[in-house]
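Down below is the structure, laid out as structure tokens.
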Amino acid sequence: MKKDWILKNKVNVTSPKLPKFELYTRYVKEIWDSKWLTNNGPLHEKFKKELKKYLNVSNTELFTNGHSALEVALKGLELEGEVITTPFTFVSTIHALTNCGLTPVFCDIEEDTFNIDVNKIEDHITSKTCAILAVHVFGIPCNVHKINEIAKKHNLKVIYDAAHAFGVQVGDCSIGEFGDISMFSLHATKVFHSIEGGLLTFKNTELSQKLKALKNFGITSEETIDYVGVNAKMNEFQAAMGLCNLESIEDDISHREDIYNVYSQGFKECKDIYYLPRIEGVKHNFAYYPILLKNNKTRDFLFEKLKEYNVFTRKYFYPLCNNIECYKNESSDTPVAMSISNRILTLPMYSDLSLDEVKHITKIIKHELGENIE
Ligand SMILES: *Cc1c(COP(=O)(O)O)cnc(C)c1O
């Protein structure tokens with residue numbers, strides 16, 4: 001422990017991006033003038049149009065948060081039975097299935113991408129399987145082409161939890177164009193946010209009307225209610241924040257890329273630290289910087305040690321979703337996910353983090369691992 005290396009200011013794993021105050025208040029003035037606070041207001045419509053253009057997707061619908069958006073997507077596809085998914089995700093993914101009356105079936109993950117292992121999906125297919133719910137973990141795209149192939153062959157729907165994948169492209173194609181529906185989270189801690197918020201993207205335009213109705217109590221017109229819906233609408237203050245943050249998104253992602261490069265340069269020679277490599281042909285968003293340590297003891301040591309330096313990392317995702325109290329009985333054997341969950345540590349990554357701070361954190365990690373681990 002080097003006492004003089006302690007950071008003066010606390011560094012967390014993430015910190016929300018805030019636009020210029022004046023930029024936000026300009027939109028707030030518009031809200032006061034229109035007196036339109038929610039229910040498809042003018043800022044909501046503007047934000048929706050701009051997002052569709054920025055992401056280059058066929059259709060979008062906005063929601064109050066990502067989790068509700070995911071539940072509405074599952075309802076919209078009228079799924080019933082078992083859904084093959086990953087245990088290496090935020091618990092929201094699995095709760096959404098359960099809340100919609102679906103049974104999660106946990107499939108193991110790939111060692112190098114931490115995403116659902118496409119070579120193991122078919123082992124889990126039964127007569128009750130209706131869909132695959134895959135997660136682009138840390139913004140790294142799943143093997144979308146193989147998943148599409150499996151789904152076609154077995155007549156399954158595909159939903160992507162793209163909560164981490166805002167702005168990611170595979171070739172020239174937005175990540176939101178794969179599968180039947182993709183969900184993006186616009187929560188304050190994500191790469192791009194609208195305070196709280198969610199977004200569904202989908203190719204099939206016929207779904208629009210239904211998804212719109214489902215987020216507004218199932219109401220389809222003044223006197224017709226066709227679905228058992230929920231209340232999951234995005235309000236004007238959220239849309240205003242989204243519009244402000246959309247102005248700087250390219251710069252924000254570019255700064256995250258610089259952070260990625262500083263960390264990766266620092267860890268290049270460390271054989272006991274694995275970090276996610278860039279994938280050829282993918283436009284990354286550098287949402288997170290997870291590292292994989294050689295064992296659980298080292299991970300937990302580093303997690304605690306970094307706190308002493310004022311650096312607060314997170315064990316994303318630990319515990320695994322098939323290892324937590326409410327899903328323990330969903331029997332599953334996912335040894336790769338288990339091993340990764342025990343060894344993973346997510347380092348600070350956000351748009352206001354300076355490259356000097358990143359260099360410093362890298363130096364601390366290398367020092368502590370070199371000195372204290374045999
Ligand atoms: C953040 C997140 C969600 C939930 O999104 P909210 O906007 O917070 O409701 C779902 N899945 C994953 C993987 C997430 O990281």
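For His154, there are no ring pair (Phe, Tyr, Trp, His ring centres under 6.0 Å) partners, not counting sequence neighbours. For Phe184, there are no ring pair (Phe, Tyr, Trp, His ring centres under 6.0 Å) partners, not counting sequence neighbours.
The shortest distance between side-chain heavy atoms of Asn115 and Ile109 does not fall below 4.5 Å. Looking at Thr224 and Ile219, their side chains never come closer than 4.5 Å, going by heavy atoms from C-beta outward.
Residues His145 and Phe178 place their aromatic rings such that the two centres sit under 6.0 Å apart. Between Phe192 and His187, the gap from one ring centroid to the other reaches at least 6.0 Å. A distance of 6.0 Å or more separates the ring centres of Tyr263 and Phe286. Between His44 and Trp36, the distance from one ring center to the other does not fall under 6.0 angstrom.
Side-chain polar atoms of Glu71 and His67 form a donor-acceptor pair below 3.5 angstrom. Thr93 and Asp161 form a side-chain donor-acceptor contact under 3.5 Å, judged by distance and modelled atom types alone. Between the side chains of Lys146 and Asn148, not a single donor N or O lies within less than 3.5 Å of an accepting N or O.
Tested against Phe317, the residues Phe114, Phe138, Phe90 include a single ring-ring contact (aromatic ring centres under 6.0 Å, His included) partner, Phe138.
By the 30° and 60° cut-offs, the orientation of the rings of His136 relative to Tyr160 is parallel.
With a 4.5 Å cut-off between side-chain heavy atoms of Ile, Leu, Val, Met, Phe, Trp and Tyr, the cluster of Leu133 takes in Phe63, Leu70, Val72, Leu74, Leu77, Leu79, Val83, Leu97, Leu102, Ile159, Ile181, Met183, Leu200, Phe202, Leu207, Leu211, Leu214, Tyr227, Val230.
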